[in-house]
2 protein chains.
Amino acid sequence: MQHYFIDQELNLGMELTLPAELYQHAIVVLRKQVGDQFELVDIHQTVSIVTVTQIEKKTAQVKVVEQLDQNAELPVAITIACGLPKNDKKTELIVEKGTEMGATSFIFFPSQYAIGKWNKQKVAKKLERLQKKATSAAEQSHRNVVPTVEYRENLAAVADGNYDCRLVAYEEAGKTGEKSVLAQALTNLVTSNSAARLIAVFGPEGGIAPAEIDLLKAHGFAICGLGPRILRAETAPLYFLGACSYQLELASVD
Amino acid sequence: MQHYFIDQELNLGMELTLPAELYQHAIVVLRKQVGDQFELVDIHQTVSIVTVTQIEKKTAQVKVVEQLDQNAELPVAITIACGLPKNDKKTELIVEKGTEMGATSFIFFPSQYAIGKWNKQKVAKKLERLQKKATSAAEQSHRNVVPTVEYRENLAAVADGNYDCRLVAYEEAGKTGEKSVLAQALTNLVTSNSAARLIAVFGPEGGIAPAEIDLLKAHGFAICGLGPRILRAETAPLYFLGACSYQLELASVD
């Protein structure tokens, strides 16, 4: 069933006029008729099934016929923070696939070895485009939340945020004893706080500079490896999210 | 360090002429000079460091100066079998990112709900192009093996292969008790056979038909879910490989 986000509260039995963007997609593009149904997620992340009740020239009415107890969100809010990728294609891949895989927010920042640069005049435009990618991926994957996409001026502004678990993916990291740092961190999250917030920092193509690692360490970040293969800058966050979902949603939590 | 594959056996101290393709990339594109080093992986998957000893007009000599005990392969050989994706871009993404994440082989097959079709005359050409993608991703991620890319006429020909663990990713699958089917299967692999072979089948954009699920079940495939979010056809194999690497390479195996 088609799945959209709407910027208001919905209640059972309520009738409403579709916002222009949803009218355009559901009625014009997908040609939904009176009686057809789709899902709307409201500001409280509740998924409602609505039925189209009336279609006029430029508007349409829908009615909330059911509210679902449906949650597709990871139990931990994960922020993916990336040094600026080499090009927009890679940035978009991170946001699109990362949204499908469950990230709650994305932060991009200029980093020492980054080849990519965001012209200051273009930041707002780039974020708007990425936010649209996040919205359509969240619709497609039937999320309860649209992830946010932000830009920060530097790594210090990224590291300052309020998180329960701070990780930086770094090639040089190996295993510490039986478990990897990542497995240890995720296991701790599972057994502690279910509303935890996690941030993971990823370098751009050129990697992370030693001074950046030092800054992150000083902010309480733990260095974690992502296995023995060298992953491209845009692949590492996707590997990370697959691993997190597996540990937090699929593996035994006893 | 640059990393290439070579179709012969290498021994310490051996001198050899670079194959034309490697000459082209290492000497012409990357402008390696006499004395420069890079890695060559031989037919036994051994990684050697070679030094350029001589450069002529259209050839170059290198000498094996060190052989490394370096293994970047997953402990389980994973075959990713996908119903034909909608377009070449998605197919290439699966092969490229799947190679970085450690898959041993890829199989593409026409499936009931697939939108994509491979014209018979074009199969060889498509496979050649995908094999090149696999090779360059295997070089980039410093693999010991270049994954194979194959095409099979139908799902039965995929299901017939010789594997220790057979899974099909299917949206309808939920959890069975404490652990998911995927977590249970991976845990069993960890505790049993270290040279195991696993195959995972993924549907195309349209999903897997009930008759196809029945065929796979009859061949001993277990249905597994990949978490509560709906993943695009090209995203599911990447999620799967991230989860496998996490369980097999990073999490505690006691």
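Please read these numbers as outputs of a predicted model, since none were measured by experiment.
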Would you say the side chain of B:Arg232 lies within less than 4.5 Å of the side chain of A:Glu96, judging by non-hydrogen atoms?
yes
If you take all heavy atoms of A:Tyr246 and B:Tyr246, which pair is closest and at what distance?
CD2-CD2, 3.6 Å
A:Glu249 versus B:Arg229: any side-chain heavy-atom pair under 4.5 Å?
yes
So which part of B:Leu186 gets closer than 4.5 Å to some heavy atom of chain A, the side chain, the backbone, both or neither?
side chain
Per-residue contact mode, A:Arg143 against chain B (heavy atom under 4.5 angstrom):
side chain
Indicate yes or no: at least one non-hydrogen side-chain atom of B:Glu234 is less than 4.5 angstrom from one of A:Lys97.
yes
Please look at B:Asn71 and chain A and tell me whether the side chain, the backbone, both or neither of the residue comes under 4.5 angstrom of a heavy atom of that chain.
backbone
Return the CD to CG distance between A:Glu100 and B:Leu226, rounded to the nearest 0.5 Å.
12.0 Å
Can you tell me which of B:Gly242, B:Ala137, B:Ser141 forms the most heavy-atom pairs within a distance under 4.5 Å of chain A?
B:Ser141
Please flag which part of A:Leu93 lies under 4.5 Å from any non-hydrogen atom of chain B: side chain, backbone, both or neither.
side chain
Can you see which heavy atom on B:Ala183 is nearest to which on A:Ala251, and at what distance?
CB-CA, 3.7 Å
Heavy atoms of A:Met101 and B:Thr235 approach each other most closely as CE-CG2, 3.6 Å
Nearest heavy-atom neighbours spanning A:His142 and B:Ile230:
CG-CD1, 3.7 Å
Around atom CZ of B:Arg197, are there more than 12 heavy atoms of other residues, nucleotides or ligands at under 6.0 Å?
yes
Which atoms of A:Gln70 are under 4.5 Å from chain B, going by heavy atoms: the side chain, the backbone, both sets, or neither?
neither
